[in-house]
Amino acid sequence: MPELTSREIHLKNRPQGVPTVDDFELVETKVPEPSEGEVRVRNLWMSVDPYMRGRMYDRPSYVPPFQLDQPMDGGAVGVVESSAHPDFAEGDHILNHLGWREAFVSSDVGLTKVDPSLAPPQTYLGTLGMPGLTAWVGMLEIGGLGEGDHVFVSGAAGAVGSVACQIAKIQGCTVVASAGSDEKVAWLTDDVGVDTAYNYKTAGNLMGYLPTVARDGFDLYFDNVGGDHLEAALMHMKNFGRVVLCGMIDQYNATIPPKGPRSMIVAITKRLTLRGFIVSDHMTRYADFRKDMAGWIADGRVKSRETVYEGIEHAPEAFLGLFSGANVGKMLVKL
Ligand code: NDP
């Protein structure tokens with residue numbers, strides 16, 4: 001097979017504040033034949049995720065920054081087009097970290113075969129993948145979710161949040177969910193199955209609103225947003241409540257340091273536990289997670305939804321859409 005042409009997205013500028021499409025560049029490149037020990041993969045789906053915003057800053061973190069004028073990377077699922085590797089055959093579906101590009105040649109580092117008969121390939125970027133694992137680890141292991149808990153999930157209509165809500169319902173919990181549109185609220189109550197959902201953009205003051213939907217407070221808050229959501233949730237935790245600090249998307253584009261929650265003192269008076277985590281520290285739990293999740297998907301207890309942009313040229317828009325709430329469920333790009 002001759003070398004082929006592929007397109008990839010480079011980071012052109014380190015954005016200040018909310019990124020724009022001008023911070024990205026679509027670049028054409030050649031992908032060679034695989035050498036001994038390598039495979040050539042054509043990506044079918046790529047993921048855009050909020051954590052990628054953090055990688056646009058040039059600063060030390062748990063994951064290295066993107067380099068300017070270099071292809072970006074991230075989760076993707078592709079199919080092997082040509083193989084010179086004994087463990088991979090043409091037609092295998094491969095989960096990989098070389099997203100933001102249509103095709104690539106690589107050795108086996110970071111390549112995992114996935115089974116498309118178990119679930120559509122893109123599910124491995126969502127409910128059966130990193131976001132699903134985040135919800136599972138966050139709820140069950142970091143949050144110590146218990147049967148009958150009163151749970152609050154922010155960012156609830158997204159990839160992580162919608163799975164977190166469903167895990168809590170499977171455990172017999174009462175779930176209050178917040179999201180940023182009436183369409184998302186309807187999906188959360190009608191399909192995801194939460195007990196109460198509300199639109200935080202029209203609910204008014206969250207501190208005043210939460211007691212109207214959860215008079216007795218929460219045992220567990222799963223925070224995807226930070227800011228006002230965290231501040232209000234802290235005030236409405238029960239004594240000895242647990243707060244899972246999963247994400248703070250409210251401040252990923254901040255240009256000045258955000259104000260802290262003014263309600264922190266209640267962490268003392270209510271004897272709260274606040275615990276942050278990063279999913280990549282918990283990859284050893286993947287097999288147990290997958291067993292649970294595949295079962296829940298098969299018996300219909302976990303449903304997923306996707307918002308899909310088509311074509312790599314639209315990947316930057318898909319990414320930006322995470323910050324304007326353009327996605328219901330997992331945001332994906334079909335390549
Ligand atoms: P989502 O699918 O939830 O997409 C992001 C959503 O966040 C948007 O749809 C939007 O929904 C909401 N949002 C965006 N900006 C704001 C804002 N300023 N205030 C309130 N809501 C906002 O993304 P993921 O499910 O992939 O990620 C959810 C969270 O989990 C993120 O904070 C992410 O960083 C975190 N995360 C953490 C991991 C970890 O290891 N700790 C791993 C993976 C994700 P809406 O319309 O409701 O506003």
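Just follow the structure's listing: the first ligand is 1, and inside any ligand the first atom is 1.
Residue-environment remark: NZ (K169) exceeds the threshold of 12 foreign heavy atoms within 6.0 Å.
Residue contacts with ligand 1 do not include A157, since none of its heavy atoms lies under 4.0 Å from the ligand. Note on ligand 1: M331 sits outside its first shell, no heavy atom being nearer than 4.0 Å. Heavy-atom distances between K330 and ligand 1 stay at or above 4.0 Å for every pair. Not a single heavy atom of Q251 lies less than 4.0 angstrom from ligand 1. Between S178 and ligand 1 there is no heavy-atom distance shorter than 4.0 Å.
Counting only heavy atoms of the protein, atom 3 (O) of ligand 1 lies nearest to G158 CA, 3.3 Å. Closest to atom 30 (O) of ligand 1 among all protein heavy atoms lies N224 OD1, 3.2 Å. The protein heavy atom nearest to atom 4 (O) of ligand 1 is N327 ND2, 3.3 Å.
Annotation: cation-pi geometry satisfied between R305 and W187 (NZ/CZ under 6.0 angstrom from ring centroid, within 45° of ring axis).
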*How far apart are the C-alpha atoms of K330 and D49, what are their side-chain angles, what is the distance that settles it, and do they pass the salt bridge (charged side-chain N to carboxylate O under 4.0 Å, His left out) test?*
CA-CA 9 Å; K330 175 70 191 132; D49 299 275; 3.1 Å; yes
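Inspection of the Y221 and D223 side chains reveals an N or O donor paired with an N or O acceptor under 3.5 Å. With 3.5 Å as the limit, one finds a donor-acceptor pair spanning the side chains of K30 and T5.
With a 4.0 Å cut-off on non-hydrogen atoms, L322 touches ligand 1 through its backbone as well as its side chain.
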